[in-house]
J.: 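Questions regarding the structure given below will be posed in turn.
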Amino acid sequence: MTVIAIHPVQPSIPHTTRTTCPYCGVGCGVRATPHPDGRVDIAGDELHPSNFGRLCVKGSALGETLDLDGRLLQPKRRDEGPGSALQAVSWDEALTATAEGFRRIIDTHGPDSVALYVSGQLLTEDYYVANKLMKGYVGSANIDTNSRLCMSSAVAGHKRAFGEDLVPVDYTDLEQTDLIVLVGSNTAWCHPILFQRMTAAREARPNMKLVVIDPRRTATCEMADMHLPVKPGTDVWLFNGLLRFLAREGLTDAKFVDQHTHGMDETLTAAAGEADSVDVARRCGIEHQALLDFYRLFAKTERVITAFSMGVNQSSAGTDKVNSIINCHLLTGRIGRAGMGPFSITGQPNAMGGREVGGLANMLASHMDLDKPAHRELVQGFWQSPSIADKPGLKAVDLFEAIEAGRVKAVWIMATNPVISMPDADQVKRALSKCELVVCSDIVENTDTSAFAHILLPALGWGEKDGTVTNSERRISRQRAFLPAPGEARADWRIISDVAKRMGYDGFDFTGPADIFDEHARLSAHANSAFVADDANPSKGIARRFDIGALTGMSPASFDAMKPVQWPLPADASHTPIRLFSDGRFSHPDGRARFVPTHPRAPVNSADEDFPLLLNSGRVRDQWHTMTRTGKTARLSEHIAESFVDMHPQDALMHGVREGGLARISTKWGAMVARVRHGGGIARGQLFVPIHWTAQFASDARVGALVNPVVDPVSGEPEFKHTPARVDEFRADWYGFVLSREHIDADKLAHWTRVPGRQFTRVEFAGRGVVEDRSAWARELLGVDAAHLDWLDYEDNTAGVYRAAHVVDGKVIACVFVSPRPDLPSRSWLASLFDKTELEETDRIGILVGQPMRKGADTGPTVCSCFGVGRNTICDAIRQRNLTTPSAVTACVKAGGNCGSCIPEIKRLIAETVVEQAA
Ligand SMILES: Nc1nc2c(c(=O)[nH]1)N[C@H]1C(S)=C(S)[C@@H](COP(=O)(O)OP(=O)(O)OC[C@H]3O[C@@H](n4cnc5c(=O)[nH]c(N)nc54)[C@H](O)[C@@H]3O)O[C@H]1N2
Ligand SMILES: Nc1nc2c(c(=O)[nH]1)N[C@H]1C(S)=C(S)[C@@H](COP(=O)(O)OP(=O)(O)OC[C@H]3O[C@@H](n4cnc5c(=O)[nH]c(N)nc54)[C@H](O)[C@@H]3O)O[C@H]1N2
Ligand code: SF4
Ligand SMILES: [Mo]
């Protein structure tokens, strides 16, 4: 039986710590209460202004992800390269080896021969120190971050339009607006608490409208008034068309445009050259009437917010998509006032903090620009550093190419898993396996990336580390430690500072996060001429809106007590209106915003005969990225246990695959295997695959390997949502699954996925060839020797069906099911048998027959992860009691009553059940 390792919590009276969720950019406040037995109670912080006490299912399940199983607890070294064994070493040896390795390579090949690749999941303090090390001391801007894959198009779009990377909307605006347009954002699943704030506001003010622009009919669409299923990559057409429509309908705010912007005429001319609305609708693949309805709604609604995320940013036209949206807000003057504006929703918990410290390869610290000598001088002067990078460093995709080409010879990867998350991810493997020195700082020992590391540095994780993060609405919140440091793990800022010192640099004698935050805050205020923008006259200082001067000079105790605050927050608050742009001033030298002409263009790679379908990729509700944390908990693995390819039934038919079966999806760059699904609201010609499953969880499910490495020319952000692909049957002679309380070694099977269940591990698999003795095979798989008599099985040789269970003292230890067809018995019903201390006779018969003997025993696949409520339970309640609203379902079966993330799915089930009853 697995023993879960826990933090050494000292027995004491449980103490509650207020902290911030480590997952998405909503930035919810969390109350964490560790208990002496290792349990940690998690609740929403009712005082936090982002979530007011609510948490989504990922946040609620945080307490289940904090055990130490799989954690990296000691520094390790691998001398023989990838594949060789890791040796535990002392911190001294690991830090010295890292510092000497970097120093040697820099001395021989120059500063640009090394790189850091960091993450929006670092705390601001970690990020600040990493950026200072590279740009101020190594003297190279070769530090890029996974935010390149995420936010960089929004950053570039903001810089072009506003002169600075500024997000002018607050969460309260979403509650005051009359129209929210969600573009390329599955907010219901990816920013659930923000989405709940939107839907709650709509309930309170039914006139408020919600429009979703997404090629897929996502869970978010369930709650929307209008869904525009645009063809992938056509957003610039849509928003250019809107711009023209608004101008034609007389909605130009002439005064605002005249006084506060620049470039409207060129932009309108550029947009006008293109097409009329009939043509736009055709190009976007939507009905003309639907397009006009949307345009008219936008036109007549003064208070409108256009919120966008990865369907916009992750595109070869990502930056233009962003500007085409901002253009519409500038034209109508709908910016800088309550309830309106363009709103980039950030993905990671500290995507915004990373932007503040200038973590991208083309930025300098504190919203200053690498390409401006005055800015470089200011930062270098403040740091008193020996050098300052004077040209942009390599952006993520170029960086890994440079590593493969041998131009970059040492890379230090922190808090990100590029072997999964980069496009053309097999290229990343090739690059890392050739690289002279790969250092990884992570909290987990075995990741797809750490497999390539020469040096592994154990970092403190959530609950152990201390510092700040900034959420989507520019709110800085504290992440606080409430657990002791496990093993030898250390804070990322400390590891970076220790390496910097060993490389011979001063400037890294930080005493703790409060000290670093203070330096960061001081830099933000340093020679900041606030809003007297005058770049030509640096003696007045350099104007930037990112100013948190009011937060300087905090003692460690006041840093510890710091409440969530929004920036700008200058020392002299009278200078700055808290609402960005309410004074009509933007950060370009002339104080005006820029319209940016955007010329629509098709994605770089289009479908062809060999690769006739388009691969889109993104997230599912209950997993976080590469699953190193969320993949630990049964609760979060029940909603969707395996990777899948969602496709249209007719495409499935044409490509010879069936729902429930396995498909091989391939592109010019790579291939993977996934379960075929329908029902994800996918149009003909498109595929959707989730990003989460790694080689740690499945034999062959890395979608990153398939994604084209095409990037946006301005931002360098990869086109994750659009790769030509094909789908073929994955030939399997039999399918099966195991639920087992013991570890199962599945490596010999043709395909497998392994996820945790509540009291067992679940392995889904497929195999090839004839198995002569299925019973012997099953016993070997489950590790039950032949002499063991506690074994029930059933075999139908003709049908190729096999079912077995290992039952000891009436308790099920493991069960296995095999069939030539993928329609196998209900996992949720079998999972429920693991809760029983003694199986009943009907359960044993059920196992052998392959279905429950008692009505109601199969609750169906989990919909509500918080209360473990299955689809069948919900549908039965809807039918039997004629339930018509999600709240009626909640009242009846609890589903949806805690975090509410499943409400859109409940709504869909109500609609489907009503249709089914009417039929
Ligand atoms: N559950 C969960 N939540 C998360 C995360 C997670 O891993 N799991 N990760 C966090 C992070 S880092 C991020 S960046 C965010 C991402 O949050 P989202 O951006 O909401 O999530 P995605 O699923 O990546 O993609 C959003 C949508 O873009 C659509 N799309 C694809 N192509 C186009 C197009 O051409 N035009 C338009 N208009 N739409 C298109 C896709 O169909 C998809 O539904 O989520 C954050 N929240
Ligand atoms: N195909 C496809 N690919 C994508 C996307 C997509 O939509 N489609 N989206 C992209 C986007 S938006 C993003 S943000 C990326 C995310 O992709 P990644 O950043 O690669 O994914 P994570 O799993 O979040 O990786 C975080 C790593 O940091 C470790 N970690 C956790 N906490 C700490 C800590 O405190 N310190 C340290 N040192 N390590 C820690 C975790 O164990 C994990 O290994 O994926 C990108 N890749
Ligand atoms: S919405 Fe969920 S994942 Fe995002 S911060 Fe809040 S609790 Fe965490
Ligand atoms: Mo992201």
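Just follow the structure's listing: the first ligand is 1, and inside any ligand the first atom is 1. Here the structure is a predicted model, which is why all the values come from computation and not from measurement.
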J.: Strictly distance-based, threshold 3.5 Å: is any side-chain N or O of Q196 a donor or acceptor partner for the main-chain N or O of C899?
T.: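 Yes, the answer is positive, given that a donor and an acceptor are paired below the 3.5 Å cut-off.
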
J.: Salt bridge check, K321 against D235: does any charged N sit closer than 4.0 Å to a carboxylate O?
T.: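 A salt bridge links D235 with K321.
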
J.: Going by heavy atoms, is K231 under 4.0 Å from ligand 1?
T.: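 Judged by the 4.0 Å heavy-atom criterion, K231 does not count as contacting ligand 1.
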
J.: Going through the distances and angles, do T598 and N323 end up as a side-chain hydrogen bond (donor to acceptor under 3.5 Å, both in side chains)?
T.: CA-CA 7 Å; T598 51; N323 286 110; over 6 Å; no

J.: Is R621 close to ligand 1, meaning an N/O of one under 3.5 Å from an N/O of the other?
T.: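 Right, the criterion is met.
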
J.: For Y171, which residues count as a ring pair (Phe, Tyr, Trp, His ring centres under 6.0 Å) partner, sequence neighbours excluded?
T.: none

J.: Look at K58 together with E64 and state whether they make a salt bridge at an N to O cut-off of under 4.0 Å.
T.: no

J.: Flag P232 as yes when one of its N or O atoms lies below 3.5 Å from any N or O atom of ligand 1, and as no otherwise.
T.: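 No; the residue has no nitrogen or oxygen that sits under 3.5 Å from a nitrogen or oxygen of the ligand.
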
J.: What atoms of ligand 1 come closer than 4.0 angstrom to any heavy atom of T218?
T.: 44 (O)

J.: Let me see the working for E717 and K395 under salt bridge (charged side-chain N to carboxylate O under 4.0 Å, His left out), right down to the final yes or no.
T.: CA-CA 9 Å; E717 178 152 351; K395 299 186 175 110; over 6 Å; no

J.: Does ligand 2 have any N/O pairs with the protein under 3.5 Å, and how far apart?
T.:
unit_1, atom_1, unit_2, atom_2, d
ligand 2, 1 (N), S617, OG, 3.0
ligand 2, 7 (O), Q314, OE1, 3.1
ligand 2, 7 (O), Q314, NE2, 3.4
ligand 2, 7 (O), R619, NH1, 3.2
ligand 2, 7 (O), K721, NZ, 3.1
ligand 2, 8 (N), S617, OG, 2.9
ligand 2, 9 (N), Q314, NE2, 3.0
ligand 2, 9 (N), R619, NH2, 3.0
ligand 2, 17 (O), S421, OG, 3.4
ligand 2, 19 (O), N146, ND2, 2.7
ligand 2, 19 (O), T416, OG1, 3.0
ligand 2, 20 (O), T416, OG1, 3.1
ligand 2, 20 (O), N417, N, 2.8
ligand 2, 20 (O), N417, O, 3.4
ligand 2, 20 (O), S421, OG, 2.6
ligand 2, 23 (O), T626, N, 2.9
ligand 2, 23 (O), T626, OG1, 2.6
ligand 2, 24 (O), Q121, OE1, 3.3
ligand 2, 24 (O), Q121, NE2, 2.6
ligand 2, 24 (O), W624, NE1, 3.4
ligand 2, 24 (O), H625, ND1, 2.9
ligand 2, 28 (O), A415, O, 3.4
ligand 2, 35 (O), L460, O, 3.1
ligand 2, 35 (O), K465, NZ, 2.7
ligand 2, 36 (N), D492, OD2, 2.8
ligand 2, 38 (N), S441, O, 3.0
ligand 2, 38 (N), D492, OD1, 3.1
ligand 2, 38 (N), D492, OD2, 3.4
ligand 2, 42 (O), D442, OD1, 2.6
ligand 2, 42 (O), T628, OG1, 2.8
ligand 2, 44 (O), D442, OD1, 3.3
ligand 2, 44 (O), D442, OD2, 2.6
ligand 2, 47 (N), S421, O, 2.7

J.: Check ligand 1 against K321 and write out every atom of the ligand that is under 4.0 Å from a heavy-atom position of the residue.
T.: 34 (C), 35 (O), 36 (N)

J.: Going by the order shown, which atoms of ligand 1 are within less than 4.0 Å of some heavy atom of V183?
T.: 38 (N)

J.: Taking N or O atoms only and a 3.5 Å limit, does T187 qualify as a polar contact for ligand 1?
T.: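 By distance alone, the answer is no.
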
J.: Should you measure from each heavy atom of K58, which atoms of ligand 1 turn up under 4.0 Å away?
T.: 1 (N), 2 (C), 3 (N)

J.: State the atoms of ligand 1, each with its element, that fall below the 4.0 Å cut-off from a heavy-atom position in G233.
T.: 34 (C), 35 (O)

J.: Side-chain contact, heavy-atom cut-off 4.5 Å: L149 with N313?
T.: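 No, side chains not in contact.
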
J.: Does H722 reach the main-chain N or O of Q314 with its side chain, forming a donor-acceptor pair under 3.5 Å?
T.: no

J.: Heavy-atom distances under 4.0 Å are what count here, so tell me which part of W189 touches ligand 1: side chain, backbone, both or neither.
T.: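 The answer is the backbone of W189.
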
